[in-house]
Amino acid sequence: MSDMRIGGLASGMDIDQIVSDLMKAERQPLNKMEQDKEWLTWQRDAYRDVNKQLGELDTLAFDMKLERTYNSKSVSSSTDAVSATASSAAGNGDYTLSVEKLATSAYNFSETTLTKDGAIFDPDADLSTQQGNLKNNLTLGETFSITTYNEDGTKNTQSFDVTGDKSLNDILSEISDSDLGVRAFYDESADKVMMERTVTGNFNQDENEFLGAEIGFDGSAEFLATTLGIKNGDNSSGTWKLNEKGGQDAEFTYNNGLKISSHSNNYTLNGVTFNFNDVTDGNVKLSVSNNVDDALDKIVEFVDKYNKIIEDLNGKVQEKKYRDFSPLTDKQKEDMEEREIELWDEKAKSGLLRNDSVVEGALVKMRENWYTPVQNTGNFTMMSEIGITSSSNYRDAGKLTITETDLRKALREDPESVHQLFSGTDEQPGIARRLETSIQETVKSIEQKAGKSTSLDNNFILGNRIDDLDDAMDSFQDRLNNIEDRYWREFGAMEKALQRMNSQSAFIMQNFSG
């Protein structure tokens, strides 16, 4: 088919418009196929949206099977010096303790300032350029080592080189970035270097090394001991230990008798994790109880999500289908305003899942999941026993309502039975397990129809139909091209015949007039 054609020179007819009008009629089957494809694409996306919503409900259903959902704990403390969190396994009741010591980190820092009087020391400049600005002697080329201790008392030792092409901050960064667990930095206002452990507690089993703390190094290392003034070890005057402080373990007494130490300022006992913020003046009391509000909120969230899905799916299967509003083709959209297209599509997309058997089946199964009694060893077998019932309004089509006072009472008095009602076992599934099974069966059926975002079109029913339409549209487009070429050939032949007739007529008229 030629992209540029000129017709009507002999006949005076608008051949281009005539062919265009003829092709509009010829294109009607192709337009119908385009509309069918668009409808199938919308329907595929509607199915996938259903699966997305069901997936969100499935996630919440999984949480409803967990014991911690119903047995979460809250902890109150008689003082800010000690706070605590409790796991679902923690026993309810009062816990009494006193904190005698807090855990601290080992540290050491320069005994004197680093910079010579009247000079300016740049911690980011190469040490080779800063020797004259330092108060104490700096010898380049030496190596020093630092040792720290693990929780089991074993040592970590690492060596560092002092070279002229490094700055003080370069060396301190190497220490901080190592596996020693030491934070080293230079403070310009104090003009001193600080070294400290990044963890609290006393791990050193050898009390003769660095006051039994966690940082140690060779006291004869000139860079540390002389240049930076950080001493370690012992001498007769004791000046090398002026600024050293070893790490300390936290110490507390539980229930007026059990003395316990901890490397950190928290300790877990019977499912309760105590956090020590300060030493206490005598005993403090912490009370552990069921967190009914937290469990209530999770159940309400689950029921609200279920109700939203029920409402949405019921709306989809009952949605009216407007048969006079077919999907618009690209050519039809060219002649319409954006708002007109939006309103048209709204009608055209209505009823995509009307009376769909898969969705309707899922609604029936999920309603049965809630109303069928649950066989378990707990005290509840029906949702109505904990305050969850079906709405009395028939228009709600299976939505649930919650009587908060009844649900709160059940959670406060017997959270384990509430857990069993929702969870159950594989042999005797509870509400949440039943819903999971129904959801998974529905999702699988929908994926057979509409696939998922990662599926190839030939792996699901609607995708195969869309592929078939694409092939049919390609074939029909080839046919339209041939038809259009035929029309142009026919009108071209007519133009040539008219041209010959006009030439003969002019020849005859010329001879007769002569």
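All residue numbers refer to positions in the sequence shown, counting from 1. Just so it is clear, the values below take in all heavy atoms, side chains as well, and ignore hydrogens, waters and symmetry mates.
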Just by distance, no angles: are the side chains of T253 and E100 close enough, under 3.5 Å, to form a donor-acceptor pair? yes
So how far is it from D414 CG to R412 CZ, rounded to the nearest 0.5 Å? 12.0 Å
Before giving the answer on side-chain contact (heavy atoms from CB on, under 4.5 Å), spell out for N71 and H419 the whole-Å C-alpha distance, their side-chain angles and the decisive distance to 0.1 Å. CA-CA 9 Å; N71 290 328; H419 169 230; 5.6 Å; no
Ignoring hydrogens and angles, state whether a donor on the side chain of T268 or T273 is under 3.5 Å from an acceptor on the partner side chain. yes
Could you tell me whether the side chain of V50 reaches within less than 4.5 Å of the side chain of K316, counting heavy atoms only? yes
If a pair satisfies ring pair (Phe, Tyr, Trp, His ring centres under 6.0 Å) and one of its residues is in residues 276-295, list it, with sequence neighbours excluded. F252-F276
Between T200 (side chain) and H263 (backbone), is there a donor-acceptor pair under 3.5 Å? yes
Side chains of T147 and T157: any donor to acceptor distance under 3.5 Å? yes
Mind jotting down which residue pairs meet the salt bridge (charged side-chain N to carboxylate O under 4.0 Å, His left out) criterion with at least one end in residues 59-74? Sequence neighbours excluded, please. K65-E436
Does some side-chain heavy atom of L352 sit less than 4.5 Å from a side-chain heavy atom of W39? yes
Atom CZ of residue position R48 - does it have more than 12 heavy atoms of other residues, nucleotides or ligands inside 6.0 Å? yes
Is it the case that over 12 heavy atoms from other parts of the model lie below 6.0 angstrom from the NZ atom of K333? yes
Going by salt bridge (charged side-chain N to carboxylate O under 4.0 Å, His left out), name the pairs with one or both residues in residues 417-427, residues two or more places apart or in two chains. D426-R433
Taking side chain to side chain donor-acceptor pair (under 3.5 Å) as the cut-off, I'd like each qualifying pair that reaches into residues 277-287, sequence neighbours left out, listed once. D94-S287, N256-N283
Mind checking what makes side-chain hydrogen bond (donor to acceptor under 3.5 Å, both in side chains) contact with K101, not counting sequence neighbours? none
Which side-chain N or O atoms in residues 298-309 pair as donor and acceptor under 3.5 Å with protein atoms at least two apart or in another chain?
{"from": "K305", "atom 1": "NZ", "to": "E56", "atom 2": "OE1", "distance (Å)": "2.4"}
{"from": "N307", "atom 1": "OD1", "to": "L400", "atom 2": "N", "distance (Å)": "2.7"}
{"from": "N307", "atom 1": "ND2", "to": "L400", "atom 2": "O", "distance (Å)": "2.9"}

Have N202 and Y149 got a donor and an acceptor in their side chains that come within less than 3.5 Å? no
Smallest separation among heavy atoms of D345 and L328, with atom names: OD1-CD1, 4.3 Å
Would you kindly say whether Q420 and T377 are connected by a side-chain donor-acceptor distance under 3.5 Å? yes
Go through the side-chain N and O atoms of N169 and S167 and say whether any donor and acceptor fall under 3.5 Å apart. no
Measuring from L462:CG to Q448:CD, what's the distance to the nearest 0.5 Å? 12.0 Å
Side-chain contact, heavy-atom cut-off 4.5 Å: Q53 with D312? yes
Is it true that D474 and Q477 share a donor-acceptor pair across their side chains at a distance under 3.5 Å? no
Report the residues that fulfil side-chain hydrogen bond (donor to acceptor under 3.5 Å, both in side chains) with S289, sequence neighbours left out, ordered by chain and then residue number. S74
Can any side-chain N or O of D249 pair as donor or acceptor with the backbone N or O of G201 at less than 3.5 Å? no
Supply the atom-to-atom distance F62 CZ to L435 CG, rounded to the nearest 0.5 angstrom. 15.0 Å
State, without any angle test, whether E38 and W42 hold a side-chain donor-acceptor pair at a distance under 3.5 Å. yes
Sorted by first residue and then second, give each side chain to side chain donor-acceptor pair (under 3.5 Å) pair with at least one member in residues 177-189; sequence neighbours left out. R183-E196, Y186-D191, D187-S189
Residue set satisfying side-chain hydrogen bond (donor to acceptor under 3.5 Å, both in side chains) with S78, at least two apart, ordered chain then number -> none
Which value, rounded to the nearest 0.5 Å, describes the distance between K259 atom NZ and Y254 atom OH? 15.0 Å
Would you say the ring centroid of F274 lies under 6.0 angstrom from that of Y267? no
Side chains of T139 and N137, heavy atoms from C-beta outward: is any pair under 4.5 Å? yes
K452 side chain reached by N51 side chain, heavy atoms, under 4.5 Å: no
Are the side chain of S445 and the backbone of E441 linked by a donor-acceptor contact shorter than 3.5 Å? yes
Spacing of R408 atom CZ and E404 atom CD [to the nearest 0.5 Å]: 5.0 Å
Can you pull out every salt bridge (charged side-chain N to carboxylate O under 4.0 Å, His left out) where at least one residue sits in residues 121-140? Sequence neighbours excluded, please. none
Does G247 offer a backbone N or O that forms a donor-acceptor pair with the side chain of S105 under 3.5 Å? no
Is a side-chain donor or acceptor of N255 paired with a backbone partner of G257 at a separation under 3.5 angstrom? no
Can you see whether N150 engages T154 through a side-chain donor-acceptor pair at a distance of less than 3.5 angstrom? yes
Flag for S438-N369: side-chain donor and acceptor within less than 3.5 Å: yes
From CG (L57) to CE (M366), nearest 0.5 Å: 7.0 Å
Qualifying residues under side-chain hydrogen bond (donor to acceptor under 3.5 Å, both in side chains), relative to S87, sequence neighbours excluded: none
Partner residues of Q131 under the side-chain contact (heavy atoms from CB on, under 4.5 Å) criterion, sequence neighbours left out: L138, L140
Just checking, is any N or O donor in the side chain of N458 or N464 under 3.5 Å from an acceptor N or O on the other one? no
